[in-house]
Amino acid sequence: MSSKVRTRFAPSPTGFLHVGGVRTAIFAWLTAKQSSGEFVLRIEDTDQKRKVEGAEEHIIESLAWLNIKSDEPLIRQSDRVKDGIYKKWAEKLIENGRAYADPYTPEEVQKFREQAQTDKKPFLYRNNRPENPPKWDGKTPLRFKAEPKEYVTHDEVMGEIKTSPEVIDDFILIKSDGFPTYNFAHIVDDLEMGITHVIRGQEFLASLPNYRNLYEALGKKEPVFVTVPHILNEQGNKKLSKRDGAKDILEYREQGYLPEAMMNFLATLGWNDGTEQEIFAPQELLQKFQLEQIQKGSAHFDEKRLEWISGHHIRTKPLDELYELVKDFWPQAAKNYDDNYKKKVLELVQERMKFFAELPELTQFFFEDLPVNPELVTGHKQLKKLSNDELESLLEKAKETLEQSDFSREDLQERLNQLLETSSQKPIVLFSLIRISTTQAPASPGLAETLEVIGKETAIKRIAKQLKAL
RNA sequence: GGCCCCAUCGUCUAACGGCUAGGACACCAGGUUUUCAUCCUGGCAAUAGGGGUUCGAUUCCCCUUGGGGUCACCA
């Protein structure tokens, strides 16, 4: 009795995809895939003016990054226009007396609209519905002849929505350029494609009653309606949009975010499984996702949370896998080093990386000598208390100690500990001085493991350089 | 403005009408022999306001306020 779930993601090719659109796609994909249903991508390109070159490929690539792909060949509405599909459905409506030619010019319609405004009434085209419309010649808009009525619409997320007949109007089915409107095309397509769950953004909620009216005129069964609330910008005062500076989802790929982290972040933005779990692998999402658990209210985009989730996924990646993934993110100087060395470096910074673009600043000193930065010493809360002579003798001692080490981590640790005792210095003083001298970086991994990877020759050389600069 | 949707810490959220409103991010403090990060411990922090219903409201109803959406030959 229950047929296979089929969902779709239907963007218009007007540019890149931002997190809002992608989240809707993720929800649709999860809904289909968790019940071994099908997910299809449909390009809503009925507005030729807004079409952006390359957008279609960009959308496909964005979804592919997240491992989301269509189960069927891409559907393009413009292709279906050529096949005369929408016209066929429109003619059926005309035959049934549920569609008619709009005899007015755009200017005349605009007049009606303004009149309604001065009358302080909501504009309804049907108040001016022509009594004897001409036969439709395809050169003028074709309008739906609505049968206004009350509806109680069930939405999986929003619940029951009551609306009055006032919201139902004679919307345009086919534009004067021969292309169908979204309002008409998406219903025809969803029907023909056997879509069972229409999952889309909140901006369509107000049109739902109109769509229901059309389903009835067509004599077709409605799909399940699923309205996903918007993602608001970080200030929370506007729906996330390209205009408002929302980023292209692929920018996160360029920044080196893991796709599973992005999916985790977006899926749990406005959805949770009722437990305290925060981190989900894609497989877990597939198991646990429930449409009914989607939040009704809008959510704010929070990049800090994305970073935290991303860092978490990076930390739990097996080193070899991670190594493959960061290939393109190493600092320039790393090209002179072999895989083995870079892998050791990666292991040390794995737990402090939030996204791969941080790799260069995190690892630069493993690959090249940085110029001595006196401020690291003079600005250090402990080191600045020591005189230059004291610093010099301490560092000299450190150099002698390290020269005797075989630079294995264990040996380094042991000798460093001994030096701590013989020099009777606090760890913060001794270790900071060595760490700064050998890295010239404000932060680095643990001292012994850092020294081990850098190697004896380089470490000694850098200390000598620091000594000269004191 | 009409219509529709929404409302718990700054943010994401949990709480059959019933324990001190829980968790996470962020932030702050402390700990893990230096720093950054991780990890651990602790802290700060919320039911928008007002009416009802009820023995009892975060939870149900109404009003107000606030936010969002929509009123295209865009989707």
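We name chains A, B, ... by the order of the sequence lines, and we start the count at 1 in each one. This is a predicted model, so every value here is computed, not measured.
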Got a list of side-chain donor-acceptor pairs under 3.5 Å for residues 10-22 of chain A, not counting sequence neighbours?
residue : atom : partner : partner atom : Å
H18(A)  : ND1  : G20(A)  : N            : 3.0

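The neighbour count for K87(A) NZ, taken as heavy atoms of other residues, nucleotides or ligands under 6.0 Å away, does not exceed 12. Shown here is E292(A), whose CD atom has more than 12 heavy atoms of other residues, nucleotides or ligands within 6.0 Å. Annotation for K145(A): atom NZ does not count as buried by contact number, only 12 or fewer foreign heavy atoms lying within 6.0 Å.
Taking atom CG of L232(A) as the reference point, atom P of G10(B) lies 17 Å away to the nearest angstrom. Taking atom NE2 of H186(A) as the reference point, atom P of A75(B) lies 12 Å away to the nearest angstrom. Following rounding to the nearest Å, H154(A) (NE2) and C5(B) (P) show an atom-to-atom distance of 14 Å. Nucleotide C12(B) holds its P atom 5 Å from the NE2 atom of H300(A), rounded to whole Å. Atom CG in N264(A) sits about 14 Å away from atom P in U13(B), given to the nearest Å. Taking atom CG of residue N210(A) and atom P of nucleotide A72(B), one finds them 11 Å apart after rounding to whole Å. Atom CZ of R200(A) and atom P of A75(B) are 13 Å apart (whole Å). Distance M158(A) CE to C3(B) C1': 16 Å, rounded to the nearest Å.
Taking the P atoms as reference points, G66(B) lies 15 Å from G49(B), given to the whole Å. Spacing of C1' atoms, G51(B) relative to A14(B), comes out at 28 Å, to the nearest Å. A29(B) and U65(B) have their P atoms separated by 42 Å, with the value rounded to a whole Å. Nucleotides U8(B) and G42(B) place their C1' atoms 24 Å apart, quoted to the nearest Å. Here, C61(B) and C5(B) have their P atoms 12 Å apart, quoted to the whole Å. Comparing the C1' positions of G23(B) and C9(B) gives a spacing of 12 Å, expressed to the nearest Å. Nucleotides C27(B) and U53(B) place their C1' atoms 41 Å apart, quoted to the nearest Å. Nucleotides C62(B) and A72(B) are separated by 36 Å at their C1' atoms, to the nearest Å.
Residues E56(A) and K51(A) are not paired through a salt bridge, judged by the lack of any N-O separation under 4.0 Å between the basic side chain and the carboxylate. A salt bridge does not link R305(A) with D302(A): every distance from a Lys NZ or Arg NE/NH1/NH2 to an Asp or Glu carboxylate oxygen is 4.0 Å or more. In this structure, K317(A) pairs ionically with E260(A), as a charged nitrogen and a carboxylate oxygen lie closer than 4.0 Å.
Close to C73(B), at under 4.0 Å from its OP1 or OP2, lies a side-chain N or O of R113(A). Of the side-chain N and O atoms in R143(A), one or more sit less than 4.0 angstrom from OP1 or OP2 of C73(B). Look at N272(A) and you won't find any side-chain N or O under 4.0 angstrom from OP1 or OP2 of C12(B). In this structure, K121(A) does not reach the C71(B) phosphate: none of its side-chain N or O atoms is under 4.0 Å from OP1 or OP2. At the phosphate of C73(B), neither OP1 nor OP2 sits under 4.0 Å from any side-chain N or O atom of T140(A). Phosphate proximity of C6(B) to K296(A): present, with a side-chain N or O under 4.0 Å from OP1 or OP2.
F204(A) comes within 4.0 angstrom of a nucleotide base, judged by non-hydrogen atoms across all strands. Q350(A) comes within 4.0 angstrom of no nucleic acid atom, judged by non-hydrogen atoms across all strands. Note on S176(A): a base of the nucleic acid sits closer than 4.0 angstrom, heavy atoms only. If you check every strand for non-hydrogen atoms under 4.0 Å, K49(A) touches sugar and phosphate atoms only. Among the atoms of the strands shown, only primed sugar atoms or phosphate atoms (P, OP1, OP2) are found under 4.0 Å from some heavy atom of T46(A). Within 4.0 Å of E278(A), counting heavy atoms only, lies at least one base atom of the nucleic acid. Among the atoms of the strands shown, only primed sugar atoms or phosphate atoms (P, OP1, OP2) are found under 4.0 Å from some heavy atom of T268(A).
Checking A75(B), G68(B), U70(B) against the side-chain heavy atoms of S298(A) singles out G68(B) as nearest. Across A75(B), C3(B), C6(B), the shortest atom-to-atom separation from the side chain of S207(A) is found for A75(B). The side chain of A206(A) has U70(B) as its nearest neighbour among U70(B), U13(B), G2(B). Picking from G23(B), C5(B), A75(B) the nucleotide with the shortest atom distance to the side chain of I161(A) gives C5(B). Distance from the side chain of I172(A) is smallest to C73(B) among G22(B), C73(B), C4(B).
Using Watson-Crick or G-U wobble geometry with both donor-acceptor distances under 3.5 Å, G2(B) finds its partner in U70(B). The partner of U54(B) is absent, by the rule that a Watson-Crick or G-U pair needs both atom distances under 3.5 Å. Base pairing of G17(B): no nucleotide in any strand meets the Watson-Crick or G-U wobble criterion (both distances under 3.5 Å).
Under the 3.5 Å distance criterion, the side-chain polar atoms of S432(A) are left unmatched by any main-chain donor or acceptor of V429(A).
Between L205(A) and R305(A), the one whose closest nucleotide on RNA chain B sits nearer the 5' end is L205(A). Summary of the strand contacts: H312(A) and G274(A) both lie near RNA chain B, and taking for each the nucleotide with the nearest heavy atom, the more 5' one is attributed to G274(A).
The aromatic rings of Y182(A) and H186(A) sit parallel, their planes meeting at an angle under 30°, below the 60° perpendicular limit. Using cut-offs of 30° and 60° on the angle between ring planes, the pair W330(A) and F367(A) is perpendicular.
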Shorter than 3.5 Å, N or O on both sides, protein versus nucleotides 33-38 of chain B: list them out with atom names.
residue : atom : partner : partner atom : Å
U33(B)  : N3   : N417(A) : OD1          : 3.1
U33(B)  : O4   : N417(A) : OD1          : 2.6
U33(B)  : O4   : N417(A) : ND2          : 2.6
U34(B)  : O2'  : S432(A) : OG           : 2.6
U34(B)  : O2   : R435(A) : NE           : 3.3
U34(B)  : O4   : L447(A) : N            : 2.6
U35(B)  : O2'  : P442(A) : O            : 3.0
U35(B)  : O2   : R435(A) : NE           : 3.4
U35(B)  : O2   : R435(A) : NH1          : 3.3
U35(B)  : O2   : S444(A) : N            : 2.9
U35(B)  : O2   : S444(A) : O            : 3.4
U35(B)  : N3   : S444(A) : O            : 2.7
C36(B)  : O2   : R352(A) : NH1          : 2.4
C36(B)  : N3   : R352(A) : NH1          : 2.4
A37(B)  : O2'  : E351(A) : O            : 2.7
A37(B)  : N1   : E351(A) : OE2          : 3.1
A37(B)  : N3   : E351(A) : OE2          : 2.8
U38(B)  : O3'  : R315(A) : NH1          : 3.3

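Partner T153(A) forms a side chain to side chain donor-acceptor pair (under 3.5 Å) with one of E222(A), K162(A), R212(A) and no other, that one being R212(A).
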